[in-house]
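Just so you know, these numbers come straight off a predicted model, no measurement behind them. In this chain, residues are counted from 1 in sequence order.
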Amino acid sequence: MTKRALEESLLNGEASVSNNSSDSKKLGGNEILTSYLNAGFFSILTFSWMTPLITLGSKKTLNHQDLPLLSTNDTAYGSFSTFRKNLELECGNVISTVTTIKLAKVLFLSTWEGILISGIFAFLYVCASYVGPYLIDNLVQYLNDENKVKNEGYVLATAFVVAKLVECLSQRHSMFKYQQVGVRMQSMLVSMIYAKGLTISCQSKEGHSSGEIINLMTVDAQRISEFCLSMHDPWMAVLQISLALFILHRSVGVASVAAFAATIIVMLLNLPMTSLQERLQAKLMEFKDKRMKATSEVLMNMRILKLQAWEMKFLSKIIQLRKLEEMWLKKFLVGTAIVRFLFFSAPTFVAVVTFGACVLLGIPLETGKILSALATFRILQMPIYNIPDTISVIAQTKVSLDRVVAFLRLDDLQTDMVENVPRGSSDIAIEIVDGNFSWDLSSVDATLKNINLRLFHNMRVAVCGTVGSGKSSLLSCLIGEIPKISGNLKVCGTKAYVAQSPWIQSGKIEDNILFGREMDREKYEKVLEACSLKKDLEVLPFGDQTIIGEKGINLSGGQKQRVQVARALYQDADIYLLDDPFSAVDAHTGSHLFKECLLGLLKTKTVIYITHQVDFLPDADLILVVKEGRITQSGKYNDILTSGTDFMELVGAHRAALSSVKSLERGPTLKSSSITGEDTSSLSDFELEQEVENINDRNSKLDETIVPKGQLVQDEEREKGSVGFKVFWKYLTIAYGGALVPFLFLSHIFTVVLQIASNYWMALATPVSATAEPGIGSFALMVVYVSLAIGISFSTLVRAFLAAIVGYKTATMLFNQMHLSFIRAPMSFFDSTPSGRILNRASADQSTVDMNISNLVWGFTYNMVQLMGNIAVMSQAAWQVFIILVPVVAACIWYQRYYSASARELARLTGICQAPVIQHFSETISGSTTIRSFDQESRFSEMNMQLIDKYSQPKLYSASAMEWLSFRLDLLCSTMFAFCLVFLVSFPSSIADPSIAGLAVTYGINLNAVQFKLIWSLCNLENKIISVERILQYTSIPSEAPLVIKDNQPDHSWPSFGEVHIQDLQVQYAPHLPLVLRGLTCTFTAGAKTGIVGRTGSGKTTLVQALFRLVEPVAGQILIDNINISLIGVHDLRSRLSIIPQDPTMFEGTVRTNLDPLEEYTDEQIWEALDMCQLGDEMRKKEGKLDSTVTENGENWSMGQRQLVCLGRVLLKKSKILVLDEATASVDMAMDNIIQQTVKQHFSDCTVITIAHRITSILDSDMVLFLTKGLIEEYDSPKKLLKDKSSSLAQLVAEYTRRSNTGFGS
């Protein structure tokens, strides 16, 4: 290969594409970058282009900006476009026809250059490695020769050293190429899986939880990329065995056939083991998927679990799943131990068979030939050792490829469901003719039946109907989410969609609203104003630059909903589909949204909105009433009011509620209600808003005293500097207090000593040349040799099993400690920690601890002992080796330390950069509907590729740094070997015995292999032990208050009255965030119904969290029946209170496990509760009754039904204190009435605290608490407050009644 070709092949002559944001501060990175791309032949050969980065790393902690950019072909974008092209050639445009073979072929075609070059290097490496064993016999004969020629000796020595150098270089460069190809494959696969995740249909998604899909990305793509390290092994093994046999034939003649037979036997022994390992691996993955699914569900719903005091039950569920997983893990580790034992015994076994055959066949054994054979067996150990590994890697890769292919073959959304007509080509905005749609194509019953609909541009359409009637499905069919059975659907123009349960990306609020559009200040400000977000942004610590936690955790429900609406408004689409955006916000904000957005900014657009609130109906140009998947009525408000019963039911419930408001007001201010009356209120709209704003401004003066604030979600912490010795020590001593560690060390030392002894015996007990007399009979020779061999095998077996036992025990203990620790963490930990970080530790890091670390720890110590043994043998022949040994060892240690600073940070960066890829993916899966409806798929794919590149950079440079170090250490070892040779050739007279000299050279040849394995296992261990470090971080999370305090347990009847007394309560979410409640004092009397009102963000939900101790007060206290709740255990407290939370949550499982996870109630009690909450009849219809399945997040139940299940939980628990946190937001008026009636009936003697946005649900209460910015503004009975026309409550009610009477001025 010419110099130029080599250079091009190593660099692929690629210009670099910037894949970091091109800031000016990237200069550091770019200098290094140019050094790689402009590197000369010599620099590439010796990996010197890495030196600047490693030097930088030894001076400071490396950051992402310091890394060189990737070349085009290594970026996700570059590699994925090649991959996509090849895939389309292979499968046509139908990706779902892909098979495992096709995918493997496409991966090969997309990276064939790298594969070819690495193959050439691998070939060179194998050939060069056999030169040493071939020449050993010549060297021994030369040393034994009386009349030798000096020059012949030097030629021999030169041949040894040159072969060694070629071997080192080609090995290093082939390794580098493997890694490069691996990074490319991983980028291609992750991009592909991501792209598929965006197009997969809802039905396919139901069968695959997000946890499983994430595993494809983290585990399977990784595994396929790791396959590159062993892709050439099969043919290399054949070549190595052929060369070995050639050398053996030269040394021991016919006996080489026996050697070949022994090699084959050892390999065959490994095959059944390997296939067993694969089966175990597949089982292990299956149970791991189940466990990850459960863990992910627990993390998603942590708040509910804590409120209900169920978290320990769910932890035991995870532990149960882990127990099943551990059962397979145990089998897997035992299998691994047996495989290792077979390996380490292989060379000894082959040697015994070969020498035994020589003795039987009467072939004379001479020292030179024996040493040559021993050196060959040692090299032969590699292919024997690798083949089963390779087979299992191939098998694992196949399992992973199958899993990826199975995912790629899932059904996509039908692309032809919606016919998109270009803007302005038709005056009809939406037309559906005889449309039948069904979520589940296999079921007989369609979700939407016989839909006929024709909407013109600029129409405002309201959709209403009872819970579960198919309103959301109607919107879903317009954006093409529901499979179409028959009919036609045309949509003209661009769409924007607002989902019922808000989907917010983690990141800045501004980015959530812009959603990929350019910033247009004027438009942006208008949108914020319309969504009344201005006020909220002022309260947030960084305004619209505040970083939102995962799933919008640091925003209230109403704020999330309004950010969603703002996102839709900013897109400036033609058609707006709003799925009940008013439910999560209070009455005032709701009317503001309706007026500013629907009647203001969107007045020239086509808008379809679902609502449960009758007040928003009169303004619609068309109202659709949906019942059981059909549109039963449609028309203007007044027309359909008279024509049918379905709509009457909804409005009737609303009227009843309204009349209760009126009876309370008892004043002459309102005329008798007529559906179209004039504006009857004394305040104009404008004045009213001013009024409420003024109320809000009174308190804003207080804001200025607050301390500087920090973001809620901080960057993931990474330890700096070297992995503390503490981490290693902790790892070694977790299991059995470290009692087995000394035995492991002993078994290592024992193995190595016996190996050296057996080689010594063979070298010394045989004659040096054919003419000399053998000193020992061949039978005695073999008996000693065989007994030593048995000793070696036994100690190897002990070693393998001890390592497996210790590894398993440690992994189990770390798992249990980490899970207990994070389940008991306070809620603030989950608010500020994206679940991706926790999941990453529970999956990837835990896997590393399960499978790899124990092998690395013990591999490292074993190699250490072996290296010592090698040096000891070399110094026997030439003690002068010590002269050069000291500087060489010093240089090796210096290099290793110099390199490890950079290597460690690169490994940590790799760990940290993987979480964002996973998190972005899991967010994408949950928000795929929104992303598709805004046509943003390509932008999200691009973001994904940038994140992948951010992960590939440290990964690739980590590999390059490894080769940089290995190359330098190889050179040092070769120097030492060369010195030893030159010394032996120059001063032959000082040698006692040519056989010892030969043995020394045999060990010398192997020196850099052992030393490389040592450094490799050390570096790998330093990288992988970071997983232990990351898990240990999560074993010491400060936990919340104890579950139960033995000395201070309230008695069983507590709380028997249910009086709640709050004294000077102050609450903040984190020390660096402002106070949310600023000194509340009030009493909720026993058995009274208290309503809590206030604008979004005024602290309503925080008050509830303080009551349940999800946040601990900074000052003040809460007493329930005169017991200070801060002094009892949190389980005692939470299990005695009941709550119906804002987001109705259901868990995967059955209806029974959802109502009663702790298994405390009988079936009769559960049925009774279901009947009370109006779900009984529905449940009796289902086949499984109480055992009917509930899918992930309760996706197969409507929002309203989920809310009823939450009501059922409370009815079962029958506590004295009940909290309703906006419990009726996602249900219609009729259903709201049912819930209110149920609560009234069954909780008549309980204290009920209601946070509500619907005025009607507050006015029934005995007392109303009006909060503003964390302070009490009013607290009195609603009657009194309504008499005082200046009170905040009176103003809200006035607004509400006016709105209901007149609509919004249409």
Side-chain angles (χ1 to χ4, degrees), residues 133 136 140 248 251-252 255 258-259 261-263 265-266 269 340-360 363-381 384-385 743-768 774-802 862-863 865-877 993 995-1003 1005-1006 1010:
I136 279 245
V140 174
L248 285 172
S251 316
V252 294
T263 309
I265 290 171
V266 174
L269 274 178
R340 314 209 90 175
F341 161 67
L342 286 173
F343 280 154
F344 279 108
S345 312
T348 320
F349 173 70
V350 176
V352 167
V353 171
T354 312
F355 297 148
C358 288
V359 170
L360 290 174
I363 298 170
L365 287 172
E366 298 162 27
T367 308
K369 291 180 174 170
I370 282 189
L371 291 174
S372 175
L374 285 174
T376 310
F377 295 144
R378 184 169 287 146
I379 299 185
L380 199 54
Q381 184 182 9
I384 299 179
Y385 183 70
F743 293 104
L744 257 162
F745 270 118
L746 280 174
S747 63
H748 285 338
I749 294 169
F750 210 60
T751 312
V752 173
V753 169
L754 286 174
Q755 272 172 348
I756 293 175
S758 67
N759 291 345
Y760 246 91
W761 172 250
M762 287 309 273
L764 287 175
T766 50
V768 175
I776 292 174
S778 40
F779 179 68
L781 180 79
M782 284 316 289
V783 169
V784 175
Y785 191 63
V786 169
S787 45
L788 283 170
I790 291 170
I792 295 172
S793 300
F794 177 71
S795 54
T796 307
L797 187 66
V798 171
R799 215 178 82 214
F801 270 93
L802 281 178
Y862 178 64
N863 286 325
V865 178
Q866 239 188 335
L867 186 65
M868 305 272 194
N870 272 22
I871 291 170
V873 174
M874 281 173 76
S875 60
Q876 279 284 294
D993 187 341
S995 355
I996 299 277
L999 189 62
V1001 176
T1002 318
Y1003 271 90
I1005 293 177
N1006 197 28
V1010 172

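- Scanning all heavy atoms of the two residues, the minimum distance from G998 to L371 falls at C-CD1, 3.4 Å.
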Test side-chain contact (heavy atoms from CB on, under 4.5 Å) applied to V865 and F745, step by step: CA-CA 9 Å; V865 178; F745 270 118; 5.6 Å; no

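- Of all non-hydrogen atoms in A763 and S995, the two that sit nearest each other are O-CB, 3.6 Å.
- From T367, atom OG1 reaches atom CE of M762 across 9.5 Å, with rounding to the nearest 0.5 Å.
- Counting heavy atoms from C-beta on, the side chains of R340 and R799 never come closer than 4.5 Å.
- Closest non-hydrogen pair, V352 versus M782, comes out as O-CE, 3.7 Å.
- Side chains of L342 and V266 form no contact here, defined as non-hydrogen atoms less than 4.5 Å apart.
- Looking at heavy atoms from C-beta onward, I756 lies in side-chain contact with Y1003 at the 4.5 angstrom threshold.
- Side-chain contact between F377 and T348 is absent, with no heavy-atom pair separated by less than 4.5 Å.
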Verdict with reasoning, N863 to L867, per side-chain contact (heavy atoms from CB on, under 4.5 Å): CA-CA 6 Å; N863 286 325; L867 186 65; over 6 Å; no

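- Between S372 and P133, the shortest heavy-atom contact is OG-O, 2.9 Å.
- The OG1 atom of T1002 sits 10.5 Å away from atom CE of M874, with the distance rounded to the nearest 0.5 Å.
- Nearest approach of A259 to T263, heavy atoms of both residues: O-OG1, 2.7 Å.
- Summarising the geometry, atom CZ belonging to F794 is positioned 11.5 Å from atom CG belonging to L754; distances are rounded to the nearest 0.5 Å.
- The closest side-chain heavy-atom distance from I996 to V873 is not below 4.5 Å.
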F779 and V359: CA distance, side-chain angles, deciding distance, side-chain contact (heavy atoms from CB on, under 4.5 Å) verdict: CA-CA 8 Å; F779 179 68; V359 170; over 6 Å; no

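- A search for ring-ring contact (aromatic ring centres under 6.0 Å, His included) contacts involving Y862 returns F344, H748, not counting sequence neighbours.
- Residues V350 and T354 share a closest heavy-atom pair of O-OG1, 2.6 Å.
- In this structure, CD1 in I136 is found 9.5 Å from CG in L374, a value given to the nearest 0.5 Å.
- Not counting sequence neighbours, F750 has no partner by the ring-ring contact (aromatic ring centres under 6.0 Å, His included) test.
- Under a cut-off of 6.0 angstrom, the local environment of CZ in F341 is crowded, with over 12 non-hydrogen atoms contributed by other residues, nucleotides or ligands.
- Between the OG1 atom of T751 and the CG atom of L746 there is a distance of 10.5 Å, given to the nearest 0.5 Å.
- Put simply, OG on S251 and CG on L365 are 10.5 Å apart, with the number rounded to the nearest 0.5 Å.
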